[in-house]
Amino acid sequence: MNERTMKEMQDAVDEYIGQFKEGYFSPLAMLARMTEELGELSREVNHRYGEKPKKSSEDEQSIEEELGDLLFVVICFANSLHIDLDEALRIVMDKFNTRDKDRWTRIEEETE
């Protein structure tokens, strides 16, 4: 398995995008692409787990592939705005571990 750190993923995407004169899209265009990819993921999840079966003419896409597409665009968006996703995740986890620390029932509390 090829495990990468978040920084390695951001660097790989930056190297890929750096090959092209166009570079990163504008933040607004990137947000539109992110929304499009989220819609494609939503469609796949709805087909697989929801009440809306696929049409026979529609190709099967994997949720894994759609998540990968969304992750790629999120990384592009972060890179274009010079956001370190490791730091962004640290900030969010700190928030969850402080503000939301008592919001959910912990597994060890159920067994007591």
Side-chain angles (χ1 to χ4, degrees):
M1 178 182 257
N2 185 9
E3 293 183 23
R4 294 183 182 182
T5 65
M6 189 69 76
K7 176 161 181 17
E8 289 169 337
M9 288 188 279
Q10 284 192 257
D11 289 347
V13 169
D14 199 51
E15 185 178 320
Y16 173 77
I17 296 296
Q19 304 175 82
F20 307 106
K21 290 180 183 180
E22 295 82 3
Y24 290 106
F25 295 150
S26 70
L28 194 56
M30 204 83 68
L31 186 60
R33 284 209 53 218
M34 199 180 318
T35 302
E36 178 184 346
E37 295 300 345
L38 181 58
E40 291 175 11
L41 174 61
S42 298
R43 186 174 182 85
E44 285 306 312
V45 170
N46 193 27
H47 287 316
R48 182 130 347 128
Y49 301 105
E51 289 73 38
K52 185 177 180 187
K54 269 193 189 288
K55 297 175 187 171
S56 59
S57 61
E58 289 180 292
D59 290 337
E60 185 72 27
Q61 299 294 321
S62 76
I63 291 174
E64 178 182 41
E65 183 180 348
E66 297 303 340
L67 277 170
D69 289 345
L70 184 59
L71 177 60
F72 178 81
V73 177
V74 167
I75 292 172
C76 285
F77 194 51
N79 284 357
S80 74
L81 298 174
H82 308 288
I83 292 171
D84 177 340
L85 285 172
D86 275 322
E87 179 62 11
L89 182 61
R90 186 198 62 74
I91 291 167
V92 170
M93 292 306 297
D94 284 350
K95 179 174 60 178
F96 287 137
N97 286 317
T98 55
R99 183 192 73 191
D100 295 340
K101 68 181 173 65
D102 296 321
R103 186 176 210 169
W104 311 108
T105 306
R106 297 191 182 273
I107 293 172
E108 63 271 8
E109 290 175 9
E110 291 179 352
T111 59
E112 293 176 4

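Start at 1 with the first residue, then count along the sequence.
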From [atom1] ([X]) to [atom2] ([Y]), nearest 0.5 Å:
X: Glu8; Y: Asp11; atom1: CD; atom2: CG; answer: 7.5 Å
X: Ile63; Y: Ser42; atom1: CD1; atom2: OG; answer: 10.5 Å
X: Asp69; Y: Leu41; atom1: CG; atom2: CG; answer: 9.5 Å

| Where do Ile75 and Met9 come nearest, in terms of heavy atoms and distance? | CD1-CB, 3.9 Å

| field | Closest non-hydrogen atom pair, Arg48 against Ser62 | value | NH2-CA, 4.3 Å

| Is it true that a side-chain atom of Gln10 and a backbone atom of Leu85 form a donor plus acceptor pair closer than 3.5 Å? | yes

| task | Return yes if some donor-acceptor pair links the side-chain N/O of Asp100 with the main-chain N/O of Arg103 below 3.5 Å, else return no. | result | no

I'd like a table of donor-acceptor pairs (distance under 3.5 Å, sequence neighbours excluded) in which one partner is a side-chain atom from residues 31-40, with atom names and distances.
unit_1, atom_1, unit_2, atom_2, d
Thr35, OG1, Leu31, O, 2.9

| Hphob cluster co-occupancy, Leu89 + Val13, side-chain heavy atoms under 4.5 angstrom | no

| task | Determine, using the 4.5 Å side-chain heavy-atom cutoff (strictly less than), whether Val74 and Leu81 are members of one ILVMFWY cluster. | result | yes

| query | Would you find more than 12 non-hydrogen atoms of other residues, nucleotides or ligands less than 6.0 Å from Glu87 atom CD? | reply | yes

| message | Would you say that more than 12 heavy atoms from the other residues, nucleotides or ligands in this model lie under 6.0 Å from the CG of Leu28, or not? | response | no

Only pairs under 3.5 Å count here: list side-chain donor-acceptor contacts from residues 19-27, not counting sequence neighbours, and write none if there are none.
unit_1, atom_1, unit_2, atom_2, d
Gln19, NE2, Tyr16, O, 3.0
Tyr24, OH, Asp14, OD1, 2.7
Tyr24, OH, Asn79, ND2, 3.0
Ser26, OG, Ala29, N, 3.2

| Between Arg90 and Asp94, is a side-chain contact (heavy atoms from CB on, under 4.5 Å) present by the stated rule, with each step listed? | CA-CA 6 Å; Arg90 186 198 62 74; Asp94 284 350; 2.4 Å; yes

